[in-house]
Amino acid sequence: MKVEFENGYAIDFRMAVGSCFKSALANERFAPGDTIYDTSKAYSGSWSEALQQIGYGFQVANVIGNTVEYDVLRPSADRKSIQVVERVRSPVSTFIQKLQEGL
């Protein structure tokens, strides 16, 4: 998959997919621990400030062949931590589509 980046993030993606994921997108290969939030503010400033801006995120838990298991993350009600809402299993192409379109 060919993705254009501007100011360090994928263009026309609802998720803040940083250029560090360029290879993962091109090869459709993510790794456990890869975490992507819906705002670039999650990657700058203090974590307590970032938690005020984050709506949701995805964290890759496992990769088996062409299947990705990822956790859907949301801030806690008091916005002091991130919580796992659910675990999703999907083909990597569907995961990439979620990165493009969001929830």
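Just the heavy atoms: all of them, side chains too, but no hydrogens, waters or symmetry mates, feed the values below.
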Could you tell me whether Arg89 atom CZ has more than 12 heavy atoms of other residues or ligands within 6.0 Å of it? no
Looking only at non-hydrogen atoms, find the nearest pair between Ala42 and Ala50 and report the distance. CA-CB, 3.8 Å
Quick one, Val60 and Glu69 - any side-chain contact, counting heavy atoms below 4.5 Å? no
Would a 4.5 Å heavy-atom cut-off, applied to side chains only, mark Val17 and Leu25 as touching? yes
With ring centroids as reference points, do Tyr70 and Phe95 lie under 6.0 angstrom apart? yes
Quick one, Glu49 and Leu51 - any side-chain contact, counting heavy atoms below 4.5 Å? no
Nearest heavy-atom neighbours spanning Ala10 and Phe5: N-CD2, 3.3 Å
Please confirm whether the backbone N or O of Lys80 pairs with a side-chain atom of Ser76, one donor and one acceptor, at under 3.5 Å? yes
Check: Phe58 and Asp34 side chains under 4.5 Å, non-hydrogen atoms: no
On a heavy-atom basis, which atom in Gly55 and which in Pro75 lie closest, and how many Å separate them? O-CD, 3.5 Å
For a side chain to side chain contact (heavy atoms under 4.5 Å, CB included) check, start with the C-alpha distance between Phe21 and Val3, then their side-chain angles and the critical distance, and finish with the verdict. CA-CA 10 Å; Phe21 291 106; Val3 177; over 6 Å; no
Shortest non-hydrogen contact from Phe30 to Val92? CD1-CG2, 3.9 Å
More than 12 non-hydrogen atoms from neighbouring residues, nucleotides or ligands closer than 6.0 Å to CD on Glu4, yes or no? no
Do other residues, nucleotides or ligands put more than 12 heavy atoms under 6.0 Å from Asn7 CG? no
Hey, does Leu73 have a side-chain heavy atom less than 4.5 Å from the side chain of Thr35? yes
So, the side chain of Tyr56 versus the backbone of Leu103: is there a donor-acceptor pair under 3.5 Å, distance only? yes
In terms of heavy-atom contacts, Gln52 and Arg79 come closest through NE2-O, 3.4 Å
Among Gln59, Gln83, Arg87, exactly one meets side chain to side chain donor-acceptor pair (under 3.5 Å) together with Asp71. Which residue is that? Arg87
When rounded to the nearest 0.5 angstrom, what distance separates OG in Ser40 from CD in Gln53? 9.5 Å
So, taking the atom named CG in Asp38 and the one named CD1 in Ile54, what distance separates them when rounded to the nearest 0.5 Å? 7.5 Å
Where is the tightest heavy-atom contact between Tyr43 and Ile36, given as atom of each residue plus distance? OH-CA, 3.2 Å
